[in-house]
Amino acid sequence: MRELDYAKVGMRIRQVRKVKGWSQDELAKKCGISMSFLGHIERGTRIMSMETFASICEALDTGADELLWGVAHPSDTVLDLWEPAGQGIKTGKKETDHYAMYVRIMKSVAEIMNEA
């Protein structure tokens with residue numbers, strides 16, 4: 001089993017918080033903890049309880065895997081765009097449009113990977 005790197009967990013919490021445009025104080029209030037304790041969590045110098053971790057995940061609307069291991073899962077919003085096979089996208093476009101979009105996305109990913 002992998003060992004948790006608390007500094008990386010804290011860094012991920014900080015990144016998600018900043019993407020949302022929240023201050024440490026805002027997130028701390030949403031989680032019912034002090035700003036000082038949140039600062040320690042983000043630096044990886046203090047270990048939080050499961051209850052605190054769960055409240056951070058809930059407040060940030062982020063999965064535990066993403067914060068613990070850096071494994072992001074597609075959001076439900078993205079998944080809601082897709083209908084069952086053969087029906088294309090909810091915009092009413094045909095399946096061929098769905099396939100064309102998929103090809104464009106894959107080509108973009110391949111270009112990015114080749115630049116790295």
Side-chain angles (χ1 to χ4, degrees):
M1 184 169 156
R2 296 186 284 183
E3 189 171 321
L4 276 178
D5 183 333
Y6 292 99
K8 286 183 180 178
V9 172
M11 175 195 67
R12 292 182 194 110
I13 291 169
R14 180 182 299 118
Q15 287 173 336
V16 175
R17 174 180 60 78
K18 286 186 173 189
V19 164
K20 291 188 175 289
W22 295 350
S23 67
Q24 281 185 332
D25 189 49
E26 287 176 285
L27 179 56
K29 284 178 182 174
K30 290 176 187 287
C31 297
I33 60 175
S34 72
M35 189 174 76
S36 173
F37 184 47
L38 179 60
H40 281 285
I41 291 169
E42 288 186 351
R43 289 187 301 278
T45 56
R46 300 259 318 263
I47 298 173
M48 67 194 120
S49 68
M50 287 298 296
E51 290 81 12
T52 299
F53 180 69
S55 68
I56 289 172
C57 289
E58 186 176 339
L60 293 173
D61 192 29
T62 304
D65 281 350
E66 183 173 353
L67 295 180
L68 292 174
W69 311 111
V71 178
H73 296 284
S75 73
D76 293 336
T77 305
V78 172
L79 294 177
D80 285 345
L81 290 173
W82 305 100
E83 291 183 351
Q87 295 181 11
I89 300 176
K90 285 186 178 179
T91 59
K93 295 183 179 182
K94 297 177 184 174
E95 188 172 354
T96 54
D97 292 336
H98 171 91
Y99 179 76
M101 182 179 65
Y102 172 78
V103 170
R104 284 194 308 274
I105 291 169
M106 294 310 294
K107 284 181 179 179
S108 296
V109 169
E111 288 174 12
I112 291 168
M113 296 298 290
N114 286 331
E115 290 175 5

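All figures in this text were calculated on a predicted structure; none of them were measured in a lab.
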- Group every Ile, Leu, Val, Met, Phe, Trp and Tyr by side-chain heavy-atom contacts under 4.5 Å, then state whether Ile47 and Leu4 land in the same group. yes
- Message: Please check this pair: side chain of Arg17 against backbone of Leu60, looking for a donor-acceptor N/O pair closer than 3.5 Å.
- Response: no
- Message: So Val9 and Arg12, do their side chains get closer than 4.5 Å, heavy atoms only?
- Response: yes
- Task: Measure the spacing between CD1 of Ile33 and CG of Leu38 and express it to the nearest 0.5 Å.
- Result: 4.5 Å
- Task: Answer yes or no: is there a donor N or O on one side and an acceptor on the other, between the side chain of Glu26 and the main chain of Ser23, under 3.5 Å?
- Result: yes
- Item | Inter-residue atom distance Lys8.NZ - Gln15.CD, 0.5 Å rounding | 11.5 Å
- Note on the structure: Looking only at heavy atoms, the pair that brings Ala59 and Trp22 closest together is O-CH2, 3.1 Å
- Message: Is there a continuous path of hydrophobic side-chain contacts, each under 4.5 Å between heavy atoms, that joins Val16 to Met11?
- Response: no
- Query: Partners of Lys29 by side-chain hydrogen bond (donor to acceptor under 3.5 Å, both in side chains), sequence neighbours excluded?
  - Reply: Asp25
- Quick one: are Ile13 and Met48 in side-chain contact, heavy atoms under 4.5 Å? yes
- Within 6.0 angstrom of Lys20 NZ, more than 12 heavy atoms from elsewhere: yes
- Item | Interatomic spacing from CD1 in Ile41 to CG in Leu67 - rounded to 0.5 Å | 11.0 Å
- Query: From Lys30 NZ over to Glu58 CD, what is the distance, rounded to the nearest 0.5 angstrom?
  - Reply: 11.0 Å
